[in-house]
Amino acid sequence: PETAEYTSFLSAHGTFSRIDRILGHKSRTSKHTDAVEVLLERKGCAGVITLNRPKFLNALNLSMIRHIYPHFSFLEQDPETFLIIIKGAGGKAFCAGGDIRAISEAGKANQKIAQDFFREEYMLNNAIGMFLRKPYVALIHGITMGGGVGLSVHGQFRVATEKSLFAMPETAIGLFPDVGGGYFLPRLQGELGYFLALTGFRLKGRDVYAAGIATHFVDSEKLGMLEEDLLALKSPSKENIADVLDAYHAKSKIDQDKSFILEEHMDKINSWFSANTVEQIVENLQQDGSSFALEQLKVMYGSFLS
Ligand SMILES: *[C@@H]1O[C@H](CO)[C@@H](O)[C@H](O)[C@H]1NC(C)=O
């Protein structure tokens, strides 16, 4: 969308206008903020967003959302920004999800913050998928689950490494696969998305790419160099950025010849999970009776069916 559309979308949204009034002015007038939980930096041709709660595996909380969202409009309007990079600090996680503990404590204390968290988180996910005009590169190195998936999967480029660990584990805590899961999961191959949603199955390393969650795979020891090369681009187009990512992807060796972990089960998964109801899926798994089928049943009973 054009800037005008983006801006009118943003101002049409009451919540955004409110956040914009509180934080937007600050993020538009200063290139850095003093927040610790998320670092917003301008480097080379890019705006670099670093989720910075490594002790909490960069779990996303409302303050982080309220820094990132208005910063998008600064980056969108900044003529020196051609690219947005988002990553996690600490090397273990991109983002392990929403800060469930903070949300449930706020919920118990009956604070409005619990509702605000989800509304503003989903608006952020939607903005990444629908309104960013500049290329968005998420370096999903390490744990990338739930809320972390929402911050990455809707963007143009997602770079996994051998340390990437993906899951949509919401059903295990009595939630639905949110953060736009209802959009991206059904668009994966066959019934894979239904399987990932209902079982919370974890995908690791190159399988995150094979499943279509990541657009590129890069050996983690090359990730720093990749970032440097992206930052050094001069007024890059989307194609220039894709070329750099493609070149790193092509050079990455780890697990190059390994087949997709679910490959041998995909025909079965497509047939079990094409049912229209969870009851029918359960019946399909029971009827199959194979150890893989029963394992999935056990997982589902261990979470939302119990
Ligand atoms: C978010 O995390 C930061 C850093 O851990 C903390 O200072 C802040 O109070 C948290 N905000 C919310 C709303 O939980």
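Note that this is a predicted model, so its numbers are computed, not measured. Residue numbers start at 1 and run along the sequence shown.
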Going by chain and number, the hydrophobic cluster around L57 (ILVMFWY, side chain to side chain under 4.5 Å) further includes I143, M145, L165

State which residues pass side chain to side chain donor-acceptor pair (under 3.5 Å) with Y183; sequence neighbours excluded, sorted by chain then number. none

Please step through side chain to side chain contact (heavy atoms under 4.5 Å, CB included) for the pair I140 and V159, ending with a clear verdict. CA-CA 6 Å; I140 52 170; V159 182; 5.7 Å; no

Qualifying residues under side chain to side chain donor-acceptor pair (under 3.5 Å), relative to D219, sequence neighbours excluded: none

Across all chains, not counting sequence neighbours, the side chain to side chain donor-acceptor pair (under 3.5 Å) partners of S104 are none

Could you tell me how the ring of F72 sits relative to the ring of Y69: parallel (under 30°), tilted (30 to 60°) or perpendicular (over 60°)? perpendicular

Side chains of S63 and I65 in contact at under 4.5 Å (non-hydrogen atoms): no

Quick test of your reading: applying salt bridge (charged side-chain N to carboxylate O under 4.0 Å, His left out), list the pairs with at least one residue in residues 281-303, sequence neighbours left out, ordered by first then second residue. K268-D288

Interatomic spacing from CG in L75 to CD in E80 - rounded to 0.5 Å: 11.5 Å

Those residues that, when tested against K204, pass salt bridge (Lys or Arg N to Asp or Glu O under 4.0 Å) (two or more places apart): none

Going through the distances and angles, do S220 and H141 end up as a side-chain hydrogen bond (donor to acceptor under 3.5 Å, both in side chains)? CA-CA 7 Å; S220 64; H141 174 60; 4.9 Å; no

With sequence neighbours excluded, give me every salt bridge (charged side-chain N to carboxylate O under 4.0 Å, His left out) pair touching residues 270-279. none

The salt bridge (Lys or Arg N to Asp or Glu O under 4.0 Å) partners of E191 (sequence neighbours excluded) come to none

Would V137 and I84 satisfy side chain to side chain contact (heavy atoms under 4.5 Å, CB included), going step by step from the backbone distance to the final call? CA-CA 6 Å; V137 179; I84 301 167; over 6 Å; no

Can you list every pair that meets salt bridge (charged side-chain N to carboxylate O under 4.0 Å, His left out) and has a residue in residues 86-106, with sequence neighbours left out? R53-D99, K87-E227

For F195 and F201, I'd like to know if the aromatic rings sit close, meaning centre-to-centre distance below 6.0 Å. yes

For atom CZ of F82, decide whether the heavy atoms of other residues, nucleotides or ligands shown that lie under 6.0 angstrom number more than 12. yes

Value for CG (L60) from CZ (F94), rounded to nearest 0.5 Å, stands at 9.0 Å

Through direct or indirect side-chain contacts below 4.5 angstrom among Ile, Leu, Val, Met, Phe, Trp and Tyr, which residues connect to Y209? F217, I254

Taking the basic N atoms (NZ, or NE/NH1/NH2) and the acidic carboxylate oxygens, is any pair closer than 4.0 Å for D116 and R66? yes

Side chain to side chain donor-acceptor pair (under 3.5 Å) with Q280: which residues, sequence neighbours excluded? N284

T215 vs L245, test: side chain to side chain contact (heavy atoms under 4.5 Å, CB included). Steps then yes/no. CA-CA 9 Å; T215 56; L245 295 172; 5.6 Å; no

With K134, which residues qualify under salt bridge (Lys or Arg N to Asp or Glu O under 4.0 Å), at least two apart? none

Would you sort out whether D207 and F166 count as a side chain to side chain contact (heavy atoms under 4.5 Å, CB included), showing the intermediate values? CA-CA 9 Å; D207 289 332; F166 160 94; over 6 Å; no

Has the side chain of R119 got a donor or acceptor atom that lies under 3.5 Å from a matching backbone atom of A114? no

My understanding is that only one of N58, I86, I49 makes a side chain to side chain contact (heavy atoms under 4.5 Å, CB included) with V38; could you say which? I49

